[in-house]
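Heads up: the structure comes next, in structure tokens.
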Amino acid sequence: MLDIRLLREDPTFVKEQLARRDPVFSEMVDAVLACDQKRREAETQVQQLRSERNRLSKEIGILKSHHQRTDALEREVKSSAHQLELLEETSRKLQEEQRTLLLNVPNLPHRNTPDGSDASKNVVVRSWGEPRNKQNEDHLLLGERLGLFDFNRASKLSGSGYVCLTGKGARLERALINFLLDLQTEEHGYKEMGMPLLVNREVMEGTGQLPKFEEEMYGVDGGLQFLTPTAEVSLTNFYRDEILHQRELPLKLVACTPCFRRESGAAGRDRRGLIRMHQFHKVELVKICSPDQADEELATLTGDAERALELLELPYRVLEICTGDLGFHSMRTYDLEVWAPGQGSFLEVSSCSQCGDYQARRMNLRYKNQEGKNEFCHTLNGSGTALPRLYVALLETHTQPNGPLLLPEPLQFYFGASSIP
RNA sequence: GGUGAGGUGGCUGAGUGGUCGAAAGCAGCGCUUUGCUAAAGCGCCGUACUUGAAAAGGUACCGAGGGUUCGAAUCCCUCCCUCACCGCCA
């Protein structure tokens with residue numbers, strides 16, 4: 001959520017910045033400001049009426065303590081009660097309307113985010129390793145040959161978009177998870193967390209999944225709670241409504257959780273295989289920091305995720321996402337794409353985003369700065385990484401033609417063997 | 001799920017219808033004094049919204065939402081959460 005004061009003080013700037021994403025967002029600014037204007041007028045009237053009521057009531061109290069008659073005053077207060085009620089209702093509605101409008105305005109892009117209308121304008125900022133194109137088998141065939149997973153039986157249980165990992169295949173995912181978590185906790189200093197998967201509406205609103213993307217989420221109990229689409233939701237909201245001490249920032253959290261997504265907008269896309277699932281595991285990195293730390297923390301967070309791919313000997317590239325392709329709550333994002341030889345393409349396995357105070361304002365997450373003033377924190381998140389696509393890249397990269405899957409060295413300890421025959 | 005007790009400022013904790021945004025203590029900040037790693041005294045010390053050029057005002061907030069009342073932290077109702085005990089259960 002953007003700061004309404006920024007919109008009031010410099011609407012031109014806000015419109016310009018939103019236009020970098022898409023001109024349609026600029027048009028929202030005037031609507032918000034019109035509502036803000038009406039809201040403040042109503043609020044001022046309510047406050048004046050209440051002030052008058054408080055004054056009279058206080059007077060009644062004093063008179064009563066002197067055993068004097070107060071009928072006239074009481075009648076006076078009563079006479080404006082109805083009007084006050086109506087105005088309060090108006091004011092409340094306008095407040096809600098303004099919040100709703102504001103919740104649907106995306107974050108402003110970072111000054112360094114490259115301009116561009118769509119994904120084709122994303123910028124490759126670096127790459128690592130050689131994406132060999134040796135006509136490897138597709139991970140579906142490899143998984144079948146090695147006996148790692150079963151899609152047909154998964155569809156009996158849950159329909160399409162689910163997988164059952166079987167035997168060594170299940171163990172391989174567990175090994176990957178343990179490897180990733182140990183890397184982030186022991187080498188990069190993140191605190192490991194085990195988080196709830198069902199969260200309340202306000203929590204989903206805090207990180208920006210609601211209200212705009214409700215159709216992408218799995219709700220339960222008639223929409224009172226939601227299955228988290230990423231641990232970003234639970235981890236970032238962990239300190240919501242709190243005031244942190246500057247000295248404890250940045251906070252660095254990591255959790256591996258199942259993630260649930262309807263993928264309703266992607267019907268038909270990536271239907272086969274592990275690439276787009278309704279449920280998948282993901283190791284998520286979250287940082288909460290002060291504004292001056294945020295740029296640097298995004299760089300290190302991205303590096304922390306990249307390190308995992310390097311240790312697994314998986315070639316990848318890093319894309320800087322342009323304004324037109326930027327996620328709703330992000331001001332700057334680096335995507336990590338791992339090379340999948342069987343697909344002949346790069347797969348997005350991580351999206352590392354800097355969110356400024358956009359989420360923190362929504363969830364009222366603050367810290368006390370050096371002057372003792374409360375200020376909104378900045379939040380960052382990134383995958384480290386999503387499991388299924390990492391799994392695809394691992395299979396397609398390290399399985400020998402008609403041979404075993406040779407595990408990269410760091411994984412062998414976790415898997416308990418050096419290969420899967 | 002049942003019963004009971006609770007939810008007040010960064011923390012502890014008083015406050016059962018009127019001048020209470022809320023005592024006191026701790027923590028924090030500032031000053032004074034004395035001085036061996038500190039003590040004592042004094043002062044300051046919530047948040048959000050809003051009016052105003054500013055100075056300075058106003059409104060709201062005592063778990064959430066309703067209600068009673070001229071007036072609610074305080075009374076009533078509903079819900080949520082915490083704690084204790086019981087029941088059930090991985």
Side-chain angles (χ1 to χ4, degrees), chain A residues 1-10 32-103 194 196-206 220-226 234 237-249 251 258 288 290 357-377:
Chain A
M1 186 160 63
L2 298 179
D3 187 352
I4 183 65
R5 268 168 294 196
L6 181 62
L7 270 72
R8 282 207 289 258
E9 281 161 21
D10 200 346
V32 175
L33 286 175
C35 184
D36 181 53
Q37 181 69 34
K38 279 195 287 180
R39 190 206 97 232
R40 282 191 294 163
E41 280 165 16
E43 230 166 90
T44 304
Q45 287 184 55
V46 166
Q47 290 182 2
Q48 281 168 354
L49 278 176
R50 281 209 277 240
S51 175
E52 181 64 9
R53 185 198 64 189
N54 289 348
R55 191 181 65 75
L56 291 173
S57 290
K58 197 171 270 188
E59 213 171 297
I60 291 169
I62 293 166
L63 287 176
K64 286 216 165 167
S65 70
H66 291 88
H67 306 289
Q68 293 178 2
R69 297 192 59 113
T70 58
D71 315 28
L73 282 177
E74 286 185 33
R75 247 180 284 121
E76 195 181 337
V77 175
K78 265 184 176 164
S79 70
S80 63
H82 183 61
Q83 195 194 353
L84 177 60
E85 224 169 279
L86 289 178
L87 274 166
E88 278 175 334
E89 178 67 11
T90 307
S91 161
R92 200 181 51 76
K93 273 192 184 145
L94 285 167
Q95 273 177 48
E96 257 172 47
E97 188 184 329
Q98 181 180 323
R99 183 172 167 81
T100 305
L101 285 171
L102 216 43
L103 283 178
L197 303 178
L198 279 171
V199 299
N200 303 330
R201 282 197 94 84
E202 311 85 76
V203 171
M204 294 287 275
E205 199 173 278
V220 300
D221 271 358
L224 290 176
Q225 292 196 303
F226 292 84
S234 49
N237 277 281
F238 187 63
Y239 294 102
R240 65 174 292 139
D241 292 315
E242 293 192 34
I243 300 172
L244 304 168
H245 294 287
Q246 177 147 41
R247 62 174 176 275
E248 59 188 329
L249 303 178
L251 288 159
I288 296 169
S290 58
D357 63 7
Y358 188 85
Q359 294 179 320
R361 179 171 286 108
R362 283 170 169 238
M363 63 179 81
N364 196 27
L365 166 60
R366 294 170 295 175
Y367 76 101
K368 209 171 268 296
N369 68 17
Q370 259 138 3
E371 295 89 58
K373 283 280 289 176
N374 296 336
E375 206 174 349
F376 288 113
C377 298

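Reminder, nothing fancy here: chain letters follow the sequence lines and each chain counts from 1.
- If you take atom P in B/U74 and the same atom in B/A54, they sit 36 Å apart, rounded to whole Å.
- A/R40 has no carboxylate O lying under 4.0 Å from a charged side-chain N of A/E43, or vice versa, which leaves the two without a salt bridge.
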Reading RNA chain B 5' to 3', how would its secondary structure be written in dot-bracket notation, given Watson-Crick and G-U pairs with both distances under 3.5 Å, brackets [ ] for crossing pairs and | for partners on other strands? ((((((((.[[[..)..(.....]]].(((((.......))))).((((((....)))))).[[[[[..)....]]]]])))))))....
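- Here the side chains of A/L73 and A/L63 are in contact, with some heavy-atom distance below 4.5 Å.
- Residues that satisfy the side chain to side chain contact (heavy atoms under 4.5 Å, CB included) test with A/K368, not counting sequence neighbours, are A/I243, A/N374.
- One can place CG of A/D241 at 11 Å from P of B/A64, the figure rounded to the nearest angstrom.
- Counting heavy atoms from C-beta outward, A/L365 and A/L244 have side chains that approach closer than 4.5 Å.
- Nucleotide B/G58 holds its C1' atom 13 Å from the CZ atom of A/R53, rounded to whole Å.
- Considering only side-chain N and O atoms, A/R55 lies nowhere under 4.0 angstrom from the phosphate OP1 or OP2 of B/U59.
- The pair A/E205-A/R240 fails the salt-bridge criterion, with no side-chain N (NZ, NE, NH1 or NH2) lying under 4.0 Å from an Asp/Glu carboxylate O.
- Taking every heavy atom of both residues into account, A/A42 and A/L94 meet most closely at CB-CD1, 4.0 Å.
- For the pair A/L224/A/R201, no side-chain contact is recorded, criterion being any heavy-atom separation below 4.5 Å from C-beta on.
- Counted by atom type alone, A/Q48 and A/E52 present zero donor-acceptor pairs between their side chains at under 3.5 Å.
- Between A/R50 and A/E88, at least one side-chain N (NZ, or NE/NH1/NH2) sits under 4.0 Å from a carboxylate O, which counts as a salt bridge.
- When the P atom is compared between B/G4 and B/G18, the two are found 29 Å apart, to the nearest whole Å.
- With sequence neighbours excluded, the residues satisfying side chain to side chain contact (heavy atoms under 4.5 Å, CB included) with A/R75 are A/D71.
- Comparing the same atom, P, in B/C20 and in B/U68 gives a spacing of 27 Å after rounding to whole Å.
- The P atoms of B/G2 and B/C88 are separated by 15 Å, rounded to the nearest whole Å.
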Run A/T70 and A/Q68 through side chain to side chain contact (heavy atoms under 4.5 Å, CB included) and show every step you take. CA-CA 6 Å; A/T70 58; A/Q68 293 178 2; 5.8 Å; no
Side chain to side chain contact (heavy atoms under 4.5 Å, CB included) between A/D221 and A/L198, intermediate numbers included: CA-CA 11 Å; A/D221 271 358; A/L198 279 171; over 6 Å; no
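- Distance noted for atom C1' between B/G28 and B/C80: 33 Å (whole Å).
- Between the side chain of A/R53 and the backbone N or O of A/S80, no donor-acceptor pair lies under 3.5 Å.
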Pull out every protein N or O sitting under 3.5 Å from an N or O of nucleotides 47-50 of chain B, one pair per line with the distance.
| residue | atom | partner | partner atom | Å |
| --- | --- | --- | --- | --- |
| B/U47 | O3' | A/R366 | NH1 | 3.3 |
| B/C49 | OP1 | A/R5 | NH2 | 3.4 |
| B/C49 | O3' | A/R39 | NH2 | 3.0 |
| B/C49 | O2' | A/E43 | OE1 | 2.3 |
| B/U50 | OP1 | A/R8 | NH1 | 3.4 |
| B/U50 | OP1 | A/R39 | NH2 | 2.6 |

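- Side-chain nitrogen and oxygen atoms of A/N54 include none within less than 4.0 Å of the OP1 or OP2 phosphate oxygen of B/G71.
- Taking atom P in both B/U78 and B/C86, one finds a spacing of 27 Å when rounded to whole Å.
- Along RNA chain B, the nucleotide closest to A/E41 and the one closest to A/E52 are compared, and the more 5′ of them pairs with A/E41.
- Across residues 72-99 of chain A, A/E74, A/V77, A/K78 each have a non-hydrogen atom less than 4.0 Å from an atom of RNA chain B (numbered order).
- A/T100 places a side-chain N or O within donor-acceptor distance of the main-chain N or O of A/E96, the cut-off being under 3.5 Å.
- Nucleotides B/G71 and B/A84 are separated by 41 Å at their P atoms, to the nearest Å.
- Look at the C1' atom in both B/A14 and B/G66: the space between them is 28 Å, to the nearest Å.
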Pick out the pairs of N or O atoms, protein on one side and nucleotides 18-22 of chain B on the other, that lie under 3.5 Å.
| residue | atom | partner | partner atom | Å |
| --- | --- | --- | --- | --- |
| B/G18 | N2 | A/S57 | O | 2.8 |

